[in-house]
Q: 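Below are the structure tokens for one structure; questions will follow.
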Amino acid sequence: MMRIRSLTLATSLVALGLAAALVPASAQTLNIGVRAGPLSIDPHFTAVGTQAEAVKHIFDSLVVSGNDLELKPGLATSWTVLDETHWEFKLRPGVKFHDGSDFTAEDVKFSIERIPAVTGPNPTTIYVRRVKGITIVDPLTIRIETDGPAPTLPNDFVRLFVVSHTAAKDFSTKDTATAGFNSGKAAIGTGPYKFVSWTPNEQLVLERFDGYWGGKEPWEKVVRKELPNDAARVAQLKAGQVDIIARTPAADVPSLEKDPKIATVRKESAYIFYVEFDMREKTPQVTAKDGSPLPKNPFLDPKVREAFDLAIDREALTEIAMEGLGSATGQLVTSNIFGYDKSIGVPKPDIKKAKALLTEAGYPAGFKVVFSFTNDRLPGDRAVGTTIAQMLASIGVDAAANAQPGAVYFPAKTRGDYSLTMAGWGTLTGEANYTLGGLLHTYDAKTKFGTFNVRGYSNARMDEIVEKAAVEIDPAKREALLKEGNRLVASDRPSLPIASVVTVWSMQKDKVTIVPRSDEDTLAMNIKPAKK
């Protein structure tokens with residue numbers, strides 16, 4: 001029998017409440033310029049980071065991810081392992097929804113069970129895949145049965161947003177959810193801000209919830225403006241049309257740092273740029289140089305994947321394409337993530353060897369491929385993708401750069417439309433198995449492993465590592481497994497980690513200050529009025 005460990009956390013938020021009380025309430029409006037916004041107001045629709053960032057203002061999660069991804073109490077004040085397959089969560093008393101109704105265990109149960117019914121692209125089922133059963137012990141206690149030992153269940157629950165079971169009951173199918181939440185009828189949460197309106201691709205308007213359990217926020221109104229054009233975002237900041245902007249373009253950082261009216265804050269994020277190969281037998285966007293079909297998918301050959309790896313000069317890329325706001329890397333998680341392996345170095349470019357490998361693989365003249373990536377999600381994504389395409393040309397690969405808005409890119413990727421992609425990924429739970437299990441385990445609809453593995457990669461040893469790590473209670477043994485998993489990525493190269501991202505926020509110096517987060521979320525809750 002496993003040694004049962006109590007993971008009960010401290011519940012006092014007296015200091016937080018006191019800090020909030022010291023901030024004078026005002027009628028101020030906070031205008032935030034963001035690069036991209038939500039795809040829906042339904043918090044269970046997609047796991048895309050910009051979606052979670054937006055809905056965190058309206059909906060709370062059981063467990064909260066702190067500024068450096070540390071676990072903190074949210075709607076749950078404590079959580080305890082009862083036995084190998086049961087966790088118990090004690091819920092915060094006195095919490096009110098925006099409509100004045102009480103938050104109870106019924107809302108948690110409803111939210112967990114709702115996710116599989118409404119989730120869309122980049123499914124949020126990854127956060128509840130270990131849940132086998134839910135028992136309401138009393139209005140403020142819920143017991144979760146898991147499909148085996150689940151040591152990282154609280155980590156998964158940082159993205160378990162709780163909706164009102166009464167407000168959302170009629171809006172919990174794929175046909176009804178979007179209209180119900182986007183209109184505001186079902187957008188009733190317990191978060192610090194209430195939903196007012198949302199205009200897709202333009203702005204989300206929020207209003208302070210004075211009954212918030214964590215204390216009243218200083219901003220009476222928050223407007224999150226979507227400004228995907230970097231130049232326009234900077235221009236609006238300089239003109240005073242927004243108080244703060246997220247993801248400041250690297251080219252503008254030096255001049256903004258010299259502007260006496262502007263303050264900038266940097267933070268190394270948990271996000272990694274990585275290249276991903278389609279590993280299906282037939283891939284849609286690869287041809288010979290003359291456009292004729294190839295006899296097989298070249299990415300199934302490890303020599304081809306290694307050649308691509310050796311064609312990419314990561315150091316030059318971070319210095320030029322990212323303009324210094326990045327760090328070259330050889331693994332899919334950053335150094336603050338549990339399971340990061342210090343022994344994995346950064347691959348060095350070797351064009352001569354890369355060409356030789358392509359020749360050995362049967363592609364001496366290279367081939368053509370469409371290379372798809374986002375142009376509005378992470379700082380420098382367009383420049384990084386374009387630069388990688390240019391680097392691949394040095395080994396004879398014609399990579400047609402296909403930069404797309406995230407709203408187009410992610411559904412197309414989920415459908416399997418792409419052969420070669422670059423994306424940004426953040427290990428937002430603080431545990432490497434979130435990444436390995438989501439991206440690299442063979443897709444399994446039953447267990448929900450490989451939720452984001454839409455390109456057909458399958459490696460028996462990786463599956464074994466992920467499955468063992470998912471149930472291993474001993475932290476040292478689990479860490480050893482996760483490090484092995486990261487080493488396997490480095491040797492098998494199903495994905496090529498490229499660089500971690502440094503994010504910069506810029507703001508009106510006399511108006512606001514911000515506490516930056518490593519998950520890059522720009523939250524009104526972290527933005528306070530500047531001291532006069």
Side-chain angles (χ1 to χ4, degrees), residues 35-36 48-50 121-122 228 247 250 269-279 283-286 298-299 304-318 320-323 325-334 346-347 349 368-395 397-427 435 438-440 452-455 457 489-490 493-502 520:
R35 203 161 184 240
V48 172
T50 51
N122 283 345
R247 295 169 174 165
S269 81
Y271 279 90
I272 298 286
F273 281 127
Y274 71 103
V275 171
E276 191 171 79
F277 299 105
D278 182 16
M279 305 288 278
T283 188
Q285 296 180 316
V286 179
F299 299 135
V304 172
R305 302 196 298 272
E306 184 178 0
F308 273 54
D309 200 11
L310 296 175
I312 300 171
D313 187 336
R314 290 162 171 81
E315 298 290 351
L317 191 148
T318 56
I320 298 171
M322 300 179 75
E323 300 189 59
L325 295 182
S327 299
T329 188
Q331 54 192 307
L332 291 171
V333 297
T334 50
V346 177
K368 295 172 69 174
V369 61
V370 178
F371 180 39
S372 302
F373 46 89
T374 61
N375 61 10
D376 64 353
R377 185 163 178 246
L378 294 176
D381 49 6
R382 178 195 290 271
V384 171
T386 302
T387 303
I388 290 174
Q390 294 168 349
M391 290 177 173
L392 292 175
S394 67
I395 62 170
V397 173
D398 291 349
N402 179 38
Q404 296 287 336
V408 174
Y409 171 89
F410 289 110
K413 186 175 185 232
T414 301
R415 290 193 303 267
D417 293 353
Y418 298 145
S419 292
L420 182 68
T421 61
M422 185 196 77
W425 177 271
T427 306
T435 294
L439 292 177
L440 296 159
F452 302 105
N453 182 2
V454 298
R455 40 63 179 268
Y457 176 67
V489 175
R493 299 181 178 86
S495 302
L496 305 179
I498 302 299
S500 61
V501 178
V502 174
E520 297 194 351

Q: Given 3.5 Å as the limit, does a donor-acceptor pair link the side chain of Arg247 with the main chain of Arg377, or not?
A: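 Judged by distance alone, yes, a pair lies under 3.5 Å.
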Q: State whether the side chain of Arg35 and the backbone N or O of Leu378 hold a donor-acceptor pair below 3.5 Å, judged by distance alone.
A: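 Side chain of Arg35 to backbone of Leu378: a pair is present.
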Q: Donor-acceptor check, side chain of Asp381 to backbone of Asp376, threshold 3.5 angstrom: yes or no?
A: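 Checking the backbone N and O of Asp376 against the side chain of Asp381, a donor-acceptor pair under 3.5 Å is found.
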Q: Distance check, rounded to the nearest 0.5 Å: Asn375 atom CG versus Gln404 atom CD?
A: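 Those atoms lie 7.0 Å apart.
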Q: Any side-chain donor paired with an acceptor under 3.5 Å for Thr329 and Ser500?
A: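 Ser500 and Thr329 do not have a side-chain donor-acceptor pair below 3.5 Å.
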Q: By side chain to side chain donor-acceptor pair (under 3.5 Å), which residues pair with Asn122, not counting sequence neighbours?
A: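 Scan of Asn122 (side chain to side chain donor-acceptor pair (under 3.5 Å), adjacent residues dropped) gives none.
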Q: Write down the atom of Ala399, the atom of Leu392, and the distance for their closest heavy-atom approach.
A: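 What the structure gives for the nearest pair is CB-CD1, 3.9 Å.
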Q: Going through the distances and angles, do Arg305 and Met279 end up as a side chain to side chain contact (heavy atoms under 4.5 Å, CB included)?
A: CA-CA 11 Å; Arg305 302 196 298 272; Met279 305 288 278; 3.3 Å; yes
Q: How far does OG of Ser372 sit from NZ of Lys413, to the nearest 0.5 angstrom?
A: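 Going from the OG atom of Ser372 to the NZ atom of Lys413 covers 10.5 Å.
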Q: Where is the tightest heavy-atom contact between Met422 and Phe273, given as atom of each residue plus distance?
A: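 So the two residues come closest at CE-CD2, 3.9 Å.
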Q: With no hydrogens and no angle check, is any side-chain donor or acceptor of Ser394 less than 3.5 Å from a backbone partner on Met391?
A: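 Answer holds: yes.
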Q: Among residues at least two apart in sequence or on other chains, which ones pass side chain to side chain contact (heavy atoms under 4.5 Å, CB included) with Asn453?
A: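 Listed in chain order: Arg455, Tyr457.
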Q: Any side-chain to backbone donor/acceptor pair from Ser269 onto Val501? Under 3.5 Å, distance only.
A: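 It does hold such a pair.
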Q: Check the pair Phe308, Phe277 against ring-ring contact (aromatic ring centres under 6.0 Å, His included), reporting the backbone distance first and the verdict last.
A: CA-CA 10 Å; Phe308 273 54; Phe277 299 105; 5.6 Å; yes
Q: Backbone N or O of Pro497 within a donor-acceptor pair of the Arg314 side chain at under 3.5 Å?
A: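 Answer holds: yes.
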Q: Under 30°, 30 to 60°, or over 60°: which ring-plane class applies to Trp425 and Phe452, parallel, tilted or perpendicular?
A: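 Rings of Trp425 and Phe452: perpendicular, over 60°.
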Q: What is the minimum heavy-atom distance between Leu440 and Pro494, and which atoms define it?
A: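 Shortest heavy-atom separation between Leu440 and Pro494 comes out as CD2-CG, 3.6 Å.
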Q: Once you round to the nearest 0.5 Å, how far does OG of Ser419 lie from CG of Asn402?
A: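 Atom-to-atom, Ser419:OG and Asn402:CG are 11.0 Å apart.
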Q: Which residues pass the side chain to side chain donor-acceptor pair (under 3.5 Å) test with Asp417, not counting sequence neighbours?
A: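 Counting only residues at least two positions away or on another chain, Asp417 forms a side chain to side chain donor-acceptor pair (under 3.5 Å) with Arg415.
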Q: Who passes ring pair (Phe, Tyr, Trp, His ring centres under 6.0 Å) against Tyr271, sequence neighbours left out?
A: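 Here no residue qualifies.
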Q: Taking only residues two or more places apart in sequence or in another chain, which ones pass side chain to side chain donor-acceptor pair (under 3.5 Å) with Glu323?
A: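 In terms of side chain to side chain donor-acceptor pair (under 3.5 Å), with neighbours along the sequence ignored, Glu323 is linked to no residue.
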Q: At their closest point, which heavy atom of Gly416 faces which heavy atom of Pro284, and how far apart are they?
A: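 Taking every non-hydrogen atom into account, O-CG, 3.9 Å.
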Q: Check the pair Thr334 / Ile272 against side chain to side chain contact (heavy atoms under 4.5 Å, CB included), numbers first and verdict last.
A: CA-CA 8 Å; Thr334 50; Ile272 298 286; 3.7 Å; yes
Q: Run the side chain to side chain contact (heavy atoms under 4.5 Å, CB included) check on Phe299 and Val286 step by step: do they pass?
A: CA-CA 10 Å; Phe299 299 135; Val286 179; 3.9 Å; yes
Q: Let me confirm one number: the OG1-CD1 distance from Thr387 to Ile498, rounded to the nearest 0.5 Å.
A: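 Interatomic distance, Thr387 OG1 to Ile498 CD1, rounded to 0.5 Å: 11.0 Å.
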Q: Would Met322 and Val384 satisfy side chain to side chain contact (heavy atoms under 4.5 Å, CB included), going step by step from the backbone distance to the final call?
A: CA-CA 7 Å; Met322 300 179 75; Val384 171; 3.5 Å; yes
Q: CD1/Ile312 to CG/Leu496 distance, rounded to the nearest 0.5 angstrom?
A: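 Answer rounded to 0.5 Å: 5.5 Å.
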Q: Under the side chain to side chain donor-acceptor pair (under 3.5 Å) rule, collect the residues that match up with Thr421, sequence neighbours excluded.
A: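 Side chain to side chain donor-acceptor pair (under 3.5 Å) list for Thr421, sorted by chain: empty.
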Q: Which heavy atom of Ala328 sits nearest to which heavy atom of Thr318, and what is that distance?
A: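 Closest pair (atom of Ala328, atom of Thr318, distance): N-CG2, 3.6 Å.
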